[in-house]
Amino acid sequence: MKYTRKEFFIKTIQGAAVIAMPTLLTSVLESCNNNLNGPNSPGAALSNVQGTLANGNVTVNIDSSSPIAKTGTAALVNFSNGTVLVDHPSNNSFNALSSICTHQGCQINSYDSGNSQFVCNCHGSRFDVNGNVVQGPAGSPLQKYATQVLNNQLIIKVG
Ligand code: FES
């Protein structure tokens with residue numbers, strides 16, 4: 001079969017595209033994967049802890065049986081109206097943050113204990129234990145709630 005110069009050019013471009021496509025596709029997928037996980041690890045899934053909501057306060061057991069009893073731990077506290085991120089940086093000191101990512105509203109449920117950061121695995125945003133953005137795409141901090149420790153109970157003021 002004889003091709004015109006134009007047909008030959010088109011066939012050559014089509015052939016090159018078929019050969020280059022797998023490499024291009026792999027590159028795009030790797031790029032997407034990096035965006036999902038961010039440059040650091042995605043963190044470990046948080047333990048779930050049950051809390052009780054009453055009068056605008058969520059009460060959580062923090063005795064020795066609790067996943068957040070030890071310093072350096074973090075958890076996702078579930079209660080009737082929602083969830084709150086909690087970490088335990090030092091004795092009798094807790095941080096409590098909104099668990100709803102300020103980027104597009106995903107539930108944050110991972111914690112990078114090495115960097116003390118909460119990680120949203122939807123698009124890789126990272127927040128420090130005070131809720132400040134460490135890495136976007138989120139542009140706003142997480143809401144922080146006041147906490148109090150009373151008799152092996154953590155009280156989080158969400159109301
Ligand atoms: S919704 Fe959390 S990073 Fe996009």
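As the structure is a computational prediction, the values presented were derived from the model and not from experiment.
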Look only at the side chain of [X] and the backbone of [Y], and say whether a donor-acceptor pair between them is shorter than 3.5 Å.
X	Y	answer
Ser125	Ala138	yes
Asn55	Asn57	no
Ser47	Ala75	no
His88	Ser90	yes
Asn130	Asn132	no
Thr102	Ser140	yes

Could you tell me the separation between the [atom1] atom of [X] and the [atom2] atom of [Y], rounded to the nearest 0.5 Å?
X	Y	atom1	atom2	answer
Cys120	Asn109	SG	CG	8.0 Å
Thr147	Ile155	OG1	CD1	9.5 Å
Tyr111	Asp87	OH	CG	4.5 Å

Specify the closest pair of heavy atoms between [X] and [Y], including all atoms of both residues, with the distance to one decimal.
X	Y	result
Asn95	Pro89	ND2-CG, 3.7 Å
Ser110	Asn121	OG-ND2, 2.7 Å
Gln135	Gly124	NE2-O, 2.9 Å
Leu46	Leu85	CD1-CD2, 3.6 Å

(message) Please determine whether residues Ile108 and Val119 belong to a single hydrophobic cluster, defined as Ile, Leu, Val, Met, Phe, Trp and Tyr linked transitively by side-chain heavy-atom distances below 4.5 Å.
(response) no
(message) Hydrophobic clustering (ILVMFWY, side-chain heavy atoms < 4.5 Å, transitive) - are Leu142 and Ile100 grouped together?
(response) no
(message) Once ring-ring contact (aromatic ring centres under 6.0 Å, His included) is applied, do any residues pair with Phe127, and if so which ones, sequence neighbours excluded?
(response) none
(request) If a pair satisfies side-chain hydrogen bond (donor to acceptor under 3.5 Å, both in side chains) and one of its residues is in residues 69-82, list it, with sequence neighbours excluded. (result) Asn48-Asn78
(message) Less than 4.5 Å apart, side chain to side chain, heavy atoms only: is that true for Asn115 and Arg126?
(response) yes
(message) Determine whether the interatomic SG-SG distance for Cys122 and Cys101 falls below 2.5 angstrom.
(response) no
(request) Please write out which residues are connected to Val158 in a hydrophobic cluster, directly or through intermediates, given that two of Ile, Leu, Val, Met, Phe, Trp, Tyr count as joined at side-chain heavy-atom separations below 4.5 angstrom. (result) Val49, Leu53, Val58, Val60, Ile62, Ile68, Val77, Phe79, Val84, Val86, Phe94, Tyr145, Val149, Leu154, Ile156
